[in-house]
Amino acid sequence: MASATRQGPAKADEAPATAKFAVENPATGDVITEVPLLGARDLRAMARAARAAQPDWEALGFEGRARVLRRAQKWMLDNAERIIGVVVSESGKTHEDAQLADLGYTVAALGFWAREAPDYLSDERVPSWNNPATAGKRLIIRYAPVGVVGVIGPWNYPIANSFGDCIPALAAGNSVILKPSEVTPLSSLLMAEMMRECGLPEGVFQVATGDGSTGAALIGEVDCMMFTGSAKTGKSVMKAAADALISCYLELGGNDPMIVCADADVERAANAAAFYSMNNGGQVCISVERVYVEEPVYDEFVSRVTDNVRRLRQGAPSGVGTVEVGAVTFPPQLEIVASHVRDALEKGAKVLVGGHPRSGQGRFFEPTVLVDVDHTMRIMQEETFGPTLPIMKVADAEQAVALANDSSYGLQASVWTSDVKRGEALARRIEAGVVCVNDAQINYTALNLPMGGWKASGLGTRHGANGIRKYCKVQSLLITRRALKREPFMFPYRAGRTLMLRRFLRLLYGRGSRD
Ligand code: NAD
């Protein structure tokens with residue numbers, strides 16, 4: 001367990017430079033190592049180094065930066081076993097979960113941003129002829145790196161959701177300081193080693209290990225904040241960013257609904273429900289957290305999901321293919337999951353599989369399926385973030401959409417039906433940043449498709465054009481080559497010219513007002 005305090009007042013200044021915290025393997029309970037708890041003074045020094053290094057990194061240009069990112073891509077593949085080993089050891093997740101997201105996503109993202117950054121960030125010409133004041137002038141949009149980007153990450157994807165967000169910031173020509181979760185800092189330290197070996201200049205990418213106070217200290221040192229974590233911490237980060245007057249992007253929690261219509265492929269939907277609620281131990285911001293099934297297929301769906309979940313193997317992952325469901329990474333999460341299940345049972349829910357923390361070594365919660373659930377229960381209203389799947393019978397898709405939208409969160413959702421036209425129509429009525437039809441989660445791998453939350457699930461998006469432009473300052477350039485000595489609207493003001501300009505306005509814009 002990471003023994004340092006998480007949130008709370010920023011005490012980083014008082015922390016002695018030698019302060020350290022322990023990193024634990026959640027699947028075994030063993031302490032792996034200790035890492036430094038950095039304070040405000042350390043952060044100031046890191047920011048100075050980042051600012052000094054940034055101009056040369058920017059000056060390398062897209063191709064120079066892409067070369068480093070492509071080297072890192074190869075390094076990750078050459079060192080896949082080592083990377084997966086580190087992620088598994090500090091998160092307790094399975095080798096497959098680490099491979100699919102922390103390795104697979106990140107390898108793809110290194111190539112994607114190396115290739116696409118010039119397309120998203122090269123100068124853009126916009127038309128000037130449609131406005132008489134600018135006709136004949138050159139109008140250019142330029143994307144310049146903000147300077148130093150701060151990234152704060154969570155523990156559930158120690159590489160994909162921490163280093164992953166640094167890649168577009170680096171591709172845009174920024175320096176980056178990453179503050180990983182205190183629960184899983186070792187994967188980020190490995191990424192720093194990788195970037196050094198791949199020739200990234202000193203100071204361009206640094207990792208600030210520490211707790212919430214380290215994260216709070218980082219915000220005052222950077223030009224832009226990218227935060228992934230809980231809604232509660234996201235609010236503190238946004239307040240601090242407001243004080244520093246810097247831009248701030250938040251990727252927060254979710255409570256993703258899945259709607260299964262009567263005409264769905266029930267077998268596929270049930271397999272997907274089991275996988276997308278339990279992969280990574282259910283510790284995925286875009287996990288299926290609640291399911292609404294139309295009455296005619298409810299019994300078949302529940303029976304298929306139950307059979308599937310009952311067969312899942314759980315335990316300390318000892319190699320590839322050994323278990324499907326790993327450990328609960330963050331110590332307090334075990335009690336959150338248990339309390340949601342207890343609350344549901346007290347209010348009338350029934351457990352069909354699992355339902356308890358596992359006794360013995362390590363920290364595990366049994367893969368759990370619940371029925372007879374409703375919206376008075378915390379498991380339907382809050383983010384559980386564990387291997388649980390509550391399933392609710394609904395009269396029709398209308399009721400399902402209303403229940404799906406009855407949430408403070410709006411990260412992702414899915415609709416399952418063989419009528420994809422109707423599925424898309426239902427998807428458009430769901431209040432979430434991403435909605436899949438006959439799929440879930442896989443959208444995260446479409447790096448050209450924006451991903452971000454509505455409502456309490458966040459502000460801003462990652463991936464796509466905005467996923468890299470958000471790390472830039474926009475500069476507009478207006479360039480005049482040939483012009484009159486004096487424009488008609490310049491001094492001195494003369495009644496004749498004023499009235500002529502008014503007639504000109506009527507000529508230009510008067511047509512629209514006749515309708
Ligand atoms: P958390 O909010 O507790 O911590 C996230 C990070 O913030 C950690 O590095 C922590 O040290 C730091 N932090 C804590 N207090 C801080 C402060 N006052 N100022 C600055 N930084 C501070 O979240 P967590 O428990 O690590 O992660 C789980 C949450 O993350 C879940 O809600 C999950 O849904 C969410 N998440 C969202 C996405 C997404 O893309 N939307 C992805 C992964 C995880």
Side-chain angles (χ1 to χ4, degrees), residues 2 4-12 21 35 37-38 40 43 90-91 101-102 105 150-162 164-165 177-185 187-188 207-222 225-241 243-244 248-256 280-287 289 328-334 336-337 382-386 408-412 432-434 441 443-444 450-463 467:
T5 32
R6 286 172 66 77
Q7 297 181 5
K11 291 195 189 118
F21 61 97
V35 298
L37 173 67
L38 298 188
L43 265 300
E90 64 177 351
S91 67
D102 289 296
Y105 168 86
V151 175
I152 297 180
W155 45 260
N156 60 327
Y157 284 111
I159 296 182
N161 282 147
S162 291
D165 283 317
I177 303 175
L178 166 63
K179 207 301 279 176
S181 169
E182 58 274 42
V183 185
T184 54
S187 305
S188 293
V207 174
T209 51
D211 61 7
S213 65
T214 312
L218 171 66
I219 302 168
E221 301 294 340
V222 296
M225 265 313 307
M226 171 65 211
F227 173 82
T228 305
S230 64
K232 182 168 174 257
T233 312
K235 285 182 193 171
S236 312
V237 169
M238 193 162 178
K239 281 182 196 148
D243 280 342
C248 170
Y249 303 96
L250 307 172
E251 297 287 347
L252 309 176
N255 186 16
D256 296 5
N280 213 50
Q283 303 159 117
V284 188
C285 55
I286 50 177
S287 265
E289 285 252 337
V328 173
T329 305
F330 179 42
Q333 202 63 38
L334 192 63
I336 294 172
V337 178
E382 298 173 24
E383 183 182 47
T384 306
F385 222 56
S408 58
Y409 289 112
L411 193 56
Q412 292 212 173
V434 179
Q441 284 186 19
N443 58 285
Y444 203 89
M451 186 268 165
W454 290 6
K455 304 201 271 190
S457 290
L459 280 175
T461 48
R462 54 161 73 95
H463 304 161

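As the structure lists them, so they are numbered: ligands from 1, and atoms in each ligand from 1.
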Shortest reach to [atom] by a heavy atom, considering only [options]:
atom: atom 5 (C) of ligand 1; options: Ile219, Leu218, Thr228; answer: Thr228
atom: atom 29 (C) of ligand 1; options: Gly212, Gly229, Pro185, Ser181; answer: Gly229
atom: atom 31 (C) of ligand 1; options: Glu251, Lys235, Glu383; answer: Glu383

Within less than 4.0 angstrom of ligand 1, does [X] place any heavy atom?
X: Tyr157; result: no
X: Ala231; result: no
X: Gly453; result: no
X: Arg462; result: yes
X: Gly153; result: yes

Have a look at ligand 1 and work out which part of [X], if any, has a heavy atom under 4.0 Å from it: side chain, backbone, both or neither.
X: Leu252; value: backbone
X: Pro180; value: backbone
X: Asn156; value: side chain

* Asked: So, is Phe385 polar-close to ligand 1, with some N/O to N/O distance under 3.5 Å?
  -> no
* Taking N or O atoms only and a 3.5 Å limit, does Ser236 qualify as a polar contact for ligand 1? -> no
